[in-house]
A.B. asks: 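Below is one structure. I have some questions about it.
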Amino acid sequence: MAAVETTADVSHESALVALFAKVGASLPGASWLQPLRAEALNRVTREGLPHRRLEAWKYTDLRNKLAHGFDLASGKDVSDADVLDGLKGHRVRIVGGKVVGVPDDVPDGLEVISLAEALGMPSLWLRQWLQPTDEAVENLNLAFASDGVLVRVARGLAVKQPVIVRSTLSEAAMAHTRNVIVLEEGAELTLIELDDGAAPGQSFATTVTAISLEPGARLRHLRVTANEGASVVVRADTIEVGRDASYRGIVASSGAAVARQQASARLTAPGAAFARACAYAAGEGQHTDFTMRVTHEAPHTTSRIVSKGVAAGSGHGVVQGLVVVRSEAQKSDSHQLSRALLLTPHAEIDQKPELEIYADDVKCGHGASIGALDESQLFYLQQRGIPEAEARSMLVGAFLGEVTERLPEPYRAPVDAWLTARMTQVTAA
Amino acid sequence: MLDIKDLHVAVDGKKILKGLTLSLGEGEVHAIMGPNGSGKSTLSYVLAGRAGYEVTQGSVTFRGQNLLELNTEARAAAGIFLAMQYPVEIPGVTTINFLRTALNAQLKARGEPEVDAVKFLKRFKEEREKLQMSDEMVKRAVNVGFSGGEKKRNEVLQMAMLRPRLAILDETDSGLDIDALKVVSTGVNALRAPDRSLLVITHYQRLLDYIVPDRVHVLAAGRIAKSGGPELARELEARGYDEIVKAA
Ligand SMILES: Nc1ncnc2c1ncn2[C@@H]1O[C@H](COP(=O)(O)OP(=O)(O)OP(=O)(O)O)[C@@H](O)[C@H]1O
Ligand SMILES: [Mg+2]
């Protein structure tokens with residue numbers, strides 16, 4: 001095992017080093033992975049866990065919000081009701097960072113396997129997605145990743161049923177998972193993810209997902225992050241979209257003490273398209289963060305970011321979207337829209353849309369607004385007899401519905417039902 | 001049914017109603033006319049219980065209850081309906097869903113069982129057709145993309161579904177073309193009943209040819225300046241408000 005050097009004698013980071021010394025050797029992976037894990041941890045200890053002085057973490061001081069002295073989760077299962085229970089699909093179950101179930105009836109050309117299992121094989125193909133980076137959460141995740149799911153769709157295959165990955169963490173412990181999703185040329189897939197669980201104390205889950213869309217591939221993605229209580233959830237996606245390929249994602253988040261969804265997308269060839277719509281409801285004691293970066297690296301590429309969210313009580317919503325258009329990315333088309341509702345005076349919303357354009361022939365725009373519920377709408381509903389609390393959640397539901405209405409059935413109904421239930425709690429704050 | 005005594009109302013500290021007294025019996029239809037800015041909509045809002053309309057003096061009794069101590073939704077459940085001068089758009093909420101929610105909320109508040117979904121839809125279709133509104137229209141979000149006249153029809157549709165004891169129609173005729181005025185008036189007349197009273201706010205005699213009132217009141221400078229029978233409306237149409245306003 002490679003030596004891990006520490007320069008900062010800080011409780012958080014030294015606890016991680018101590019933990020790595022204890023469990024590092026038992027983490028899955030062939031010999032080539034160990035030094036990469038050690039290097040990743042090295043970078044975490046050198047730079048520290050993310051804090052608010054880093055631009056990308058300006059509104060989410062993870063280091064400050066995290067307890068320390070976490071152990072890795074043991075994989076305890078509490079199989080309660082699943083928000084997406086009724087949906088049919090190829091189901092993957094992850095509990096406490098370990099894959100406990102993969103589908104066994106997948107069509108030819110679709111591979112859905114446990115990453116831990118894949119890492120046991122001498123394949124070097126995975127190595128490109130398991131490298132230390134300059135991003136602290138990705139590095140922390142790499143150091144401790146215990147499992148994850150590897151999905152590969154063969155060239156030209158349009159998978160009919162969605163792949164549904166449910167990841168639960170119900171222990172006051174850490175779980176780090178890493179997923180790799182590869183759609184070969186012309187392949188099509190719907191990927192649905194559900195994050196859930198509530199622990200008796202603080203839990204900390206990170207999931208790093210590498211998505212690679214080869215030419216002409218199309219991925220539809222739905223993620224519901226529904227963890228509750230003192231959960232701290234960090235999602236980091238890296239998405240590479242090739243020629244004429246398309247990524248369309250909808251991410252909904254509500255319930256966790258801290259839920260951060262970061263995504264970095266690269267549009268690497270002409271015709272590549274990226275769209276992500278985010279919906280969030282941050283109630284009392286909840287912090288929700290969407291931080292996205294999209295880089296147009298090639299001409300004729302498009303990106304769309306939409307976010308709609310509400311915050312109430314001491315809830316805090318953050319949306320940061322940075323779109324970079326490189327000089328070679330002429331005729332790029334990008335739009336970003338962030339809208340939020342502040343339901344109570346002490347809630348907080350921070351929206352920061354940014355554009356960095358180095359090409360001269362592009363169509364780029366962004367808009368952002370924050371408002372309160374419309375008094376005349378509220379009066380109209382109440383005048384017809386709808387009690388104030390119900391009227392409020394109806395209006396908020398309608399506001400967020402502009403995101404979920406992009407979902408086709410049968411996916412929309414369960415997501416709307418979940419959001420409605422969440423909304424009732426959030427608007428009561 | 002409704003007894004308003006010496007009502008004084010201020011909005012943002014500005015006195016708008018200054019001693020309004022009006023009494024409306026069971027099954028009666030009264031019209032309120034009056035110049036722009038005289039306080040007609042203010043009266044309708046204060047009866048419906050809109051926030052920001054401060055009653056500084058006077059009383060309002062509705063079917064024996066002190067109306068002013070009820071909140072907005074409780075007033076609706078007690079049977080007060082306001083067809084607004086400017087109906088509000090509610091994106092993301094369909095008319096049909098909105099109405100079912102509202103009706104059930106009122107029934108619940110009155111301790112009655114929820115409406116049967118099939119019966120509700122059947123009745124909804126009947127009322128919609130009476131008002132010559134298309135199915136496509138009511139499947140859209142409430143008032144979103146509706147023309148001015150369509151919005152007014154939608155108010156009457158809601159009134160027909162909710163069957164209030166007291167309906168206040170605030171310029172429901174404005175923005176309606178002649179055919180629509182007939183359709184809407186027929187809809188309103190169909191709702192006239194011994195246990196239902198109407199307060200019809202309008203600027204035009206024409207509406208009162210269709211919905212014939214028992215009494216006509218002129219609201220000027222925050223109070224009822226003159227009252228009379230249906231012929232008063234015709235007089236006003238011919239002579240304007242000048243004399244009355246000067247006398248008030
Ligand atoms: N929020 C407010 N702040 C101050 N003044 C207000 C406010 N709302 C209404 N008013 C004033 O109150 C007065 C009465 O308004 P109201 O809307 O009741 O008149 P109206 O009789 O319905 O007029 P119209 O015939 O034009 O509909 C007007 O002078 C109006 O400017
Ligand atoms: Mg008015």
A.B. asks: Looking at E375(A) and R50(B), is any side-chain nitrogen of the basic one under 4.0 Å from a carboxylate oxygen of the acidic one?
C.D. replies: yes
A.B. asks: Of the backbone (N, CA, C, O) and the side chain (C-beta and beyond), which part of P164(B) lies under 4.5 Å from a heavy atom of chain A, both, or neither?
C.D. replies: neither
A.B. asks: Does the plane of the ring in F98(B) sit parallel, tilted or perpendicular to the ring in Y380(A)? Use 30° and 60° as the thresholds.
C.D. replies: parallel
A.B. asks: Which bit of I90(B) comes within less than 4.5 Å of chain A, counting heavy atoms only: side chain, backbone, both or neither?
C.D. replies: both
A.B. asks: Taking all non-hydrogen atoms of both residues into account, name the closest pair between E73(B) and E388(A) and its distance.
C.D. replies: OE2-N, 3.0 Å
A.B. asks: Output yes when a side-chain donor or acceptor of Q106(B) lies under 3.5 Å from a complementary backbone atom of R384(A), and no otherwise.
C.D. replies: yes
A.B. asks: Going from CG on L381(A) to OG1 on T101(B), what distance comes out if it is rounded to the nearest 0.5 angstrom?
C.D. replies: 9.0 Å
A.B. asks: Closest heavy-atom contact between A398(A) and P91(B)?
C.D. replies: CB-O, 3.3 Å
A.B. asks: Of all the heavy-atom pairs spanning G49(B) and F379(A), show the shortest one and how long it is.
C.D. replies: C-CE1, 4.2 Å
A.B. asks: Using non-hydrogen atoms and a 4.5 Å limit, figure out which bit of A48(B) sits close to chain A: side chain, backbone, both or neither.
C.D. replies: both
A.B. asks: So which residue, T72(B), L82(B), V93(B), ends up with the most heavy-atom pairs under 4.5 Å with chain A?
C.D. replies: L82(B)
A.B. asks: Identify whether the distance between the nearest side-chain nitrogen and carboxylate oxygen of E390(A) and K108(B) falls below 4.0 Å.
C.D. replies: no
A.B. asks: Take atom CZ in R248(A); do more than 12 heavy atoms of anything else shown fall under 6.0 Å from it?
C.D. replies: no
A.B. asks: If every non-hydrogen atom of A76(B) is compared with every non-hydrogen atom of Q383(A), which pair is closest and at what distance?
C.D. replies: CB-O, 2.9 Å
A.B. asks: Roughly how far, to the nearest 0.5 Å, is the CG atom of L99(B) from the CD1 atom of I386(A)?
C.D. replies: 8.5 Å
A.B. asks: Within a radius of less than 6.0 Å around CZ of R293(A), do more than 12 heavy atoms belonging to other residues, nucleotides or ligands occur?
C.D. replies: no
A.B. asks: With a cut-off of 6.0 Å (strictly less than), are more than 12 heavy atoms of other residues, nucleotides or ligands near CZ of R192(B)?
C.D. replies: yes
